[in-house]
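The structure appears below as structure tokens.
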Amino acid sequence: EAALKEMPEIERKYQLECEEYGNVLFGLSDEFSAAGKLEAEQIQKLADLSTLQPQLDSGKYVVVEGAARVTKAEDVSKLVESFEAGKDKAVDAVLATKLPALEKKK
């Protein structure tokens, strides 16, 4: 019974952990970082040229945030910007972390 009471908090923390893992993965991995940056730039270019909305409307691009479909180009642009900012913040936090075990080996 006590464990069931803790489940919402555990699920919330797990979701946060998954989001941060994605941020770090796309920020630190050369392979994923380059691909992610290219995709983000492409989405921003489409938005700047006002060609993103027709592609969202036609179903060529489908964007999902949480469990909901994002249908407005402006919202997609904001999500991409937010992801990029969060990714950079997470990477900075990871790189700033000093682990005692690694420091001793220097």
Side-chain angles (χ1 to χ4, degrees):
E1 196 172 305
L4 290 176
K5 289 181 183 178
E6 295 295 324
M7 287 307 291
E9 181 63 12
I10 292 169
E11 289 174 353
R12 184 188 72 79
K13 288 179 180 179
Y14 176 73
Q15 182 63 34
L16 288 172
E17 184 177 344
C18 289
E19 289 173 14
E20 287 305 312
Y21 177 79
N23 287 336
V24 172
L25 176 67
F26 282 102
L28 290 178
S29 167
D30 291 337
E31 179 183 351
F32 291 118
S33 179
K37 186 172 182 74
L38 181 65
E39 295 294 329
E41 288 173 358
Q42 185 177 14
I43 294 294
Q44 288 306 116
K45 281 183 185 177
L46 291 172
D48 292 344
L49 297 171
S50 300
T51 57
L52 180 57
Q53 189 62 54
Q55 293 185 23
L56 289 169
D57 293 341
S58 72
K60 182 172 182 178
Y61 286 113
V62 177
V63 179
V64 177
E65 171 65 14
R69 184 174 175 181
V70 181
T71 58
K72 294 183 181 176
E74 182 180 324
D75 294 340
V76 172
S77 291
K78 288 178 183 176
L79 286 171
V80 170
E81 289 172 11
S82 174
F83 175 78
E84 288 295 315
K87 177 190 70 163
D88 294 341
K89 195 174 183 180
V91 168
D92 289 344
V94 167
L95 293 177
T97 302
K98 294 183 181 180
L99 299 174
L102 296 176
E103 291 294 318
K104 292 178 183 177
K105 292 185 177 184
K106 289 183 178 180

Considering non-hydrogen atoms only, spot the tightest contact between A40 and E84 and give its length.
CB-OE2, 3.6 Å

Nearest non-hydrogen partners of E20 and A90, listed with the distance:
OE1-CB, 3.3 Å

Nearest 0.5 Å please: distance from the CG atom of L46 over to the OG atom of S77.
9.0 Å

Looking at T71, is its backbone amide N or carbonyl O close enough to the side chain of Q53 to form a donor-acceptor pair, meaning the two atoms are under 3.5 Å apart?
yes

Any K13 side-chain heavy atom under 4.5 Å of E17 side chain:
no

Closest approach of L56 and K72, non-hydrogen atoms and distance?
CD1-C, 3.9 Å

Student check: side-chain heavy atoms of Y61 and V76 closer than 4.5 Å:
no

Could you tell me whether K78 and E81 have a side-chain N and a carboxylate O separated by less than 4.0 Å?
no

Between CG on residue L52 and CD on residue E74, distance to nearest 0.5 Å
11.5 Å

When hydrophobic residues are tied together by side-chain contacts of less than 4.5 Å, even through go-betweens, does F83 share a cluster with L25?
yes

